[in-house]
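Working notes, structure below.
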Amino acid sequence: MKRILLSLFLLILIFGANIASAQIRPQVLLTWKADSYIPKEYKGRALPVVGSGLKISVMVLDGGQFADISQSEINWYIDGNFYKGGVGMKSLSLDVPVGSPVVLRIKAQVSGYRDLLLSKTIEIPVVRPEAIIISHFSGNNIKANNASLVARPFFFTGNSHDFSYEWKVNDKDPISGKNDVLSMDLSALQDKSNIKVGLIIRNSGETASLVRNFIYTK
Amino acid sequence: MNQKVKLGLIVLVAAGIIFLGYRLRNRAEIVAPINNSGNAGSETNNQNNNPAGEIGSLKPVLEDKLLAYLVGDQDVLGVKTDGRVIKKSSSKIEVLSDADFEDVRGASFSYDGKRILLEVGGYFKFFNTEKSSWRDLPLMSSPAWSPNNHDLAYISGGDTTYISLLNVDLSTFRPRNITRLDFEDTLLAWIDSGHLALSEKGASLLKTSSWAINTQTKAWNVLVYEKQGVSSIWDGKGNGLVFTSSGRGGTLTLVNNKGESLRNLEVLTLPDKCAFSDASLICAIPKDTKALSGSFLPDAYNKGGITTEDYFIEISLGSGEIISRFDPAQSLDATNLTLKGKGVYFINKSDGKLYSMGLKK
């Protein structure tokens, strides 16, 4: 009886260990990069807009090491539809098409590695060009009669970044403000309780706008 | 023993083994945190008696706009926005490098301040303070200084990319490739002297992941798995501070070198507004809590669309409790902090200058 029990125990041990190792499936990783414009000092992510170039890469992490999938069949899908595929096609490049949804769903399917069918889907947000107004005062307060605001464009397409800036202060053209810096002389304003600053940034047919309200505080 | 009991025991053992198998499998997918060394505010190892100013009062250390600085025992080094390198000792300011460059994008100091990395128009070079010389570096991205030598970890350029290590003191550059990398838009940082953190750049509405890489065994493991708004700093000794968001605002978590959560902090700020010291963490916290809690982070702050007016807190790494709070008399938006001796040093985002403030200790 003891022998039977011992054999049974060993069998279960081996069987269990096999199950454990078989369950550690390789992990598919998808990373991407958009070529949309961001200011050079911005350390965050460049998000794609319609027309942006997008490169997505796939890697497979297996047992703590990256696997060689250069001989594996890799198929790419966008929003559920087959887009491209081929042996060792580890990256996909595309321009974000006009009419794209606000989120692109990209799927990579890897077959032939360890006789497994592996896949991963990621969601890439598609945003619009963005205009930012930078004030060096805290919150929406302006604490000096002479104040400067700075415009920063984000997420525009194209290689030419010949931005033009249009400023409005309380819906009127300011005296100074033809480029990315708006210099304001608040002493000329009658009502300083609500200073409405409008900004439009244009580049190669793309436009982004923003309105910020400031309060003058001594 | 009754045979049924024995059989029952066997079934229990089998169930335990299978359960262990599932646990092992899931361990590889467990979320745990990460990244990015705040190199601009790194400090040398020795404690000092830096006169950081009177308690609570701000003191400008250097009048120039700085990209990076390092507080030593007797002096302060700074890299100006045009790439010039200066040193302030007592009240004397010395120019270590007068070379100025167009399109300077970033700078960082090696652990001992003797080597300075400069990013110029997408290329990198370093300054040797002992030889007063500049040297161009190979094509690279996301370089990060080792916490204890003159090794640079970076992602190599070219068609085939690697995570590589390069000792900049070698007369001929011979990088050591750690692993091939088919990753896009990532950042490198040192978790500790033997582990690198590789992170996808985060954004508030974007799920990203981070991984730890053992530079010797080349083994990878997950630090952060598909979290929104990820941004982080590491102290090079295995302590990490990770920010994650779920829309507006977010959560700060202290983590260990495996990315495992140690505790969530009760305050809201961003890792770039915090710095580790030996046993504590100092953070600049916005006085107006809505400044960050109502914003999509870290994007809104990093884009410059919001500014904050901060006070400082010091948090015990051991207990997570707030040890002390310091309210500066003046308005400031602090980044790139260094806790040194009896003072905190930081760059005021509003004017780009380096300030210090004495702390009650």
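Basis for what follows: all heavy atoms, side chains included, without hydrogens, waters or symmetry-related copies. As the structure is a computational prediction, the values presented were derived from the model and not from experiment. Letters go in sequence order (proteins before strands), and every chain restarts at 1.
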Heavy-atom cut-off 4.5 Å, strictly under: side chain, backbone, both or neither for [X] against chain A?
| X | value |
| --- | --- |
| B/Thr217 | backbone |
| B/Asp103 | both |
| B/Ala219 | both |
| B/Asp333 | neither |

Can you tell me which portion of [X] sits under 4.5 Å from chain B's heavy atoms? Options are side chain, backbone, both or neither.
| X | result |
| --- | --- |
| A/Lys90 | side chain |
| A/Leu210 | neither |
| A/Glu123 | backbone |

Between chain B and each of [options], count heavy-atom pairs under 4.5 Å; write down the option with the most.
| options | result |
| --- | --- |
| A/Leu61, A/Val150, A/Val103, A/Ile124 | A/Leu61 |
| A/Met59, A/Glu41, A/Glu130 | A/Met59 |
| A/Lys55, A/Lys33, A/Arg45, A/Lys40 | A/Arg45 |

Item to check | Other residues, nucleotides, ligands: >12 heavy atoms within 6.0 Å of B/Tyr123 OH | outcome: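 Incorrect, the count does not exceed 12.
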
Item to check | Neighbourhood of chain A inside residues 296-309 of chain B, taking heavy atoms under 4.5 Å as contact | outcome: B/Asp299, B/Asn302, B/Lys303, B/Gly304, B/Gly305, B/Thr307, B/Thr308, B/Glu309

Checklist entry - Listed by chain and number, what are the ring-ring contact (aromatic ring centres under 6.0 Å, His included) partners of B/Tyr311, not counting sequence neighbours? => result none

Checklist entry - Who pairs with B/Phe312 by ring-ring contact (aromatic ring centres under 6.0 Å, His included), at least two apart in sequence or on another chain? => result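 B/Phe312 satisfies ring-ring contact (aromatic ring centres under 6.0 Å, His included) with B/Phe346 once adjacent residues are dropped.
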
Checklist entry - Does A/Gln65 have any side-chain hydrogen bond (donor to acceptor under 3.5 Å, both in side chains) partners at least two apart in sequence or in another chain, and if so, which? => result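 Residues passing side-chain hydrogen bond (donor to acceptor under 3.5 Å, both in side chains) with A/Gln65: none at all.
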
Next on the checklist: If we check side-chain contact (heavy atoms from CB on, under 4.5 Å) with B/Ile213, which of these qualifies: B/Asn221, B/Leu198, B/Ile191?
Outcome noted: B/Leu198

Next on the checklist: Looking at B/Asp351 and B/Lys65, is there a salt bridge between them, counting it only when a charged N and a carboxylate O are closer than 4.0 Å?
Outcome noted: no

Next on the checklist: I want to know whether A/Tyr42 and A/Phe154 have ring centres closer than 6.0 Å.
Outcome noted: yes

Next on the checklist: With a 6.0 Å cut-off on the ring centroids, do B/Trp211 and B/Tyr225 count as close?
Outcome noted: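 When the ring centroids of B/Trp211 and B/Tyr225 are compared, they turn out to be at least 6.0 Å apart.
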
Next on the checklist: When you compare the side chains of A/Tyr113 and A/Asp62, does any donor N or O come within less than 3.5 Å of an acceptor on the partner?
Outcome noted: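 Yes - a donor-acceptor pair under 3.5 Å links their side chains.
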
Checklist entry - Side chains of A/Ser91 and A/Ser57: is there a donor and an acceptor less than 3.5 Å apart? => result no

Checklist entry - Quick one: does A/Leu94's side chain get under 4.5 Å of A/Ile56's, heavy atoms only? => result yes

